Amino acid sequence: MKSSIIRVRIAPSPTGFVHVGNLRTILYNYLFAIHEKGKFIIRIEDTDQSRLVPGAIENLLQSLQWAGIEGEEGPYLTKDNKVKERGEFGPYTQSARLDIYNTHIKTLLDKNKAYYCFCTKQRIDDLRDEQRKQKLPPKYDGFCRNLSKTEVQSLLNSGTPHVIRFKMPENKQVIFEDLIRGQISVKTKDMDDYVLIKSDGFPTYHFANIVDDHLMKITHVLRGDEWIASTPKHALLYEAFGWHAPVFAHLPVLLNKNGKKLSKRDGDVSVQDFIDKGYLKEAIINFIALLGWNAGTEQEIYTLNELTKQFSLDNVHKSGAVFDVDKLDWINGMYIRKLSLDDFYEQCLPYLIEAKLIIEKNKKLVIKDTGEEIKSSYLKNILALEQTRIKKFTEVGEVLEFFFKKELDYDPKKLVWKKSNKTDSLKNLKLLEKLLNEINESDFSSENLKKLITALLQENNIDTGSMLWPMRYALSGRDNSPDPFEIAQALGKEKTVERINLAITKLM
RNA sequence: GUCCCCAUCGUCCAGUCGGUUAGGACGCUGGCCUUUCAAGCCAGUAACAGGGGUUCAAAUCCCCUUGGGGACGCCA
């Protein structure tokens, strides 16, 4: 009975992709479990057969794997991407537990805590319409509540469709303790004789959830806010069975910019969408962990490991948190800057291919515009210049495009620095061209170029800007870019000179 | 309509036993650096929803109002 080990579960229904809000609930469950040295369990709640989406379980498990979150019990993905189950409290998929629900509903029926209801869908709908019209709370009226045993038996014998409802006790105050919100109290007169078993023989969430949580020895239920109103129903069910209820903790929801619950209507909210947009898992996890929780310190950047060490339900907020993309971008930028160059390269490559700047040909990388083969070491040098400049990987294509163009297309007027003029710019570029031509290919490093060009400026008494701005513009064709010396080094002598020449032509 | 829950800068969070110039971060603005943009550093901007209590003292405790959210399915 008394088990000191904490067991928490996540109970997703396989009805689509994993939403960031789900991911946060999952994350908090995981953090709590690991922090408390407990068990983290996955259970699939597929009792609504009409809403099942093929591949949703695989998608869920992949998303967890991506996030670095692993369940100790329940379904998992094998190396060849098959779904298998592990753990001693299985099966962990509700559709495989129908027998269990059947034996448990019998106990409730025998205890007179539940009853058969033969009301048609039509009657229930009409009833609710009428109640709404009269501005009454919609509720089942208990029509079948007191059917005699013989009436029930004969209806069952004739195969009349039916559901099984919970017999809500009358005039009772239900009080439960929520770890985050404290005591919550509801009167049974405000609750319905809700359905336990549907007419297709499948249990509802309310029933299956309670039976499974009990059988799987779940000690803490951390779930979304939207369940708070159903928790008294659940508490009553535990009571009807004579079971101890787990500890409940209802997590605040994620909101959109308008303060409404974040939903599909707000655009891309699935975890996959964020991955596609070029966010790092570390950034997403860090960000959503902080939405509704903090350690009481001023730390903003956390690894998953640090989170598991510091996480506590004591510091979880009660109110919903707005999902602010600006802050996500900032955090993502922080993580991008921390990446090693190799990792940064690995992350960026798919986006460069996606942006159609680079194509893969016979396992070689080729610049699409020029057809030249490109070495990964070269690509890394270029990427290094942008690592502090992007906030998400989707930006890498645009910002790097100029490196891969055969010929740059820009407005010649832009070659002139704001404090300079056309004549000087042209003169300076010609001086620069002459100098560059004299430098050996092997000496074309940014440091050396900087040294030589600085000397050139001093020698001729030229303003830094009136030389470096045209140079930078000639090489990048962009208002904003990295340092001209860095670009020149990355481009190499030939292309650098070529671009300077082009600029001279454009200015003349 | 009924029930439940929530309320500190624009946003995310500190402020958990009542006493703070109400703190940090994102964003925004300005500065430094500087050839541009980032990055980095520095500075500034901005909040206790309102009203009553309790108290020597309230962002903090209590009540009301207002505002917001959620639930009221044979969905989860």
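This is a predicted model, so every value here is computed, not measured. Numbers restart at 1 for each chain; the letters A, B, ... are given by sequence-line order, proteins then strands. Every heavy atom of this structure was used, including side-chain atoms; hydrogens, water molecules and symmetry mates were not.
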> I need the single residue from A:Asp212, A:Asp48, A:Asp46 that forms a side-chain hydrogen bond (donor to acceptor under 3.5 Å, both in side chains) with A:Gln94. Which is it?
A:Asp212

> Looking at B:G70, B:A38, B:U35, which one has an atom nearest to any side-chain atom of A:Thr388?
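Looking only at side-chain atoms, A:Thr388 lies closest to B:A38.
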
> Let me spell it out: for each of A:Lys261 and A:Asp200, pick the nucleotide of RNA chain B with the closest heavy atom. Which residue's pick is nearer the 5' end?
A:Lys261

> I need the A:Phe485 CZ to A:Leu475 CG distance, nearest 0.5 Å.
10.5 Å

> If you pin A:Ile180 and A:Trp469 to their nearest nucleotides in RNA chain B, which one's is more 5'?
A:Ile180

> Check whether more than 12 heavy atoms from other residues, nucleotides or ligands sit under 6.0 Å from atom NZ of A:Lys121, and answer yes or no.
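Open: at most 12 neighbouring heavy atoms sit under 6.0 Å from NZ of A:Lys121.
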
> Within the modelled atom types, does a donor on one side and an acceptor on the other bring the side chain of A:Arg181 and the base of B:C5 under 3.5 Å apart?
no

> At under 4.0 Å between heavy atoms, what does A:Arg472 touch on the DNA or RNA strands: base, sugar-phosphate, or nothing?
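Base contact.
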
> Between A:Leu400 and A:Leu385, is any pair of side-chain heavy atoms under 4.5 Å apart?
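Side chain of A:Leu400 against side chain of A:Leu385, heavy atoms only: no contact under 4.5 Å found.
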
> Expressed as a whole number of angstroms, how long is the span from A:Ile184:CD1 to B:G70:C1'?
11 Å

> Would you mind classifying the nucleic acid contact of A:Lys187 as base, sugar-phosphate or nothing, using non-hydrogen atoms under 4.0 angstrom?
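No contact.
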
> Taking only N and O in the side chain of A:Thr204, is any of them less than 4.0 Å away from OP1 or OP2 of B:C74?
no

> Do nucleotides 9-31 of chain B as a string where each nucleotide becomes B, S or -: B if the base has a protein heavy atom under 4.0 Å, S if just the sugar-phosphate does, - if no protein is that close.
--SBSS--------SBBSS----

> Looking only at atom P, what distance separates B:C64 and B:A22, rounded to whole Å?
30 Å

> May I ask you to check if A:Lys233 and A:Tyr194 form a cation-pi contact, with NZ or CZ under 6.0 angstrom from the six-membered ring centre and within 45° of the axis?
yes

> Just N and O in the side chain of A:Arg128: are any of them under 4.0 Å from OP1 or OP2 of B:G73?
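Answer yes for this pair, as a side-chain N or O of A:Arg128 is under 4.0 Å from OP1 or OP2.
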
> As a test of your reading of the structure, name each stem of RNA chain B as range with range, where a stem is three or more consecutive Watson-Crick or G-U pairs at under 3.5 Å.
B:1-7 with B:66-72, B:10-13 with B:23-26, B:27-32 with B:40-45, B:49-53 with B:61-65

> Taking the side chain of A:Pro137 as its heavy atoms from C-beta onward, which of B:C74, B:G73, B:U2 lies nearest to it?
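Within the option list, the nearest is B:U2.
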
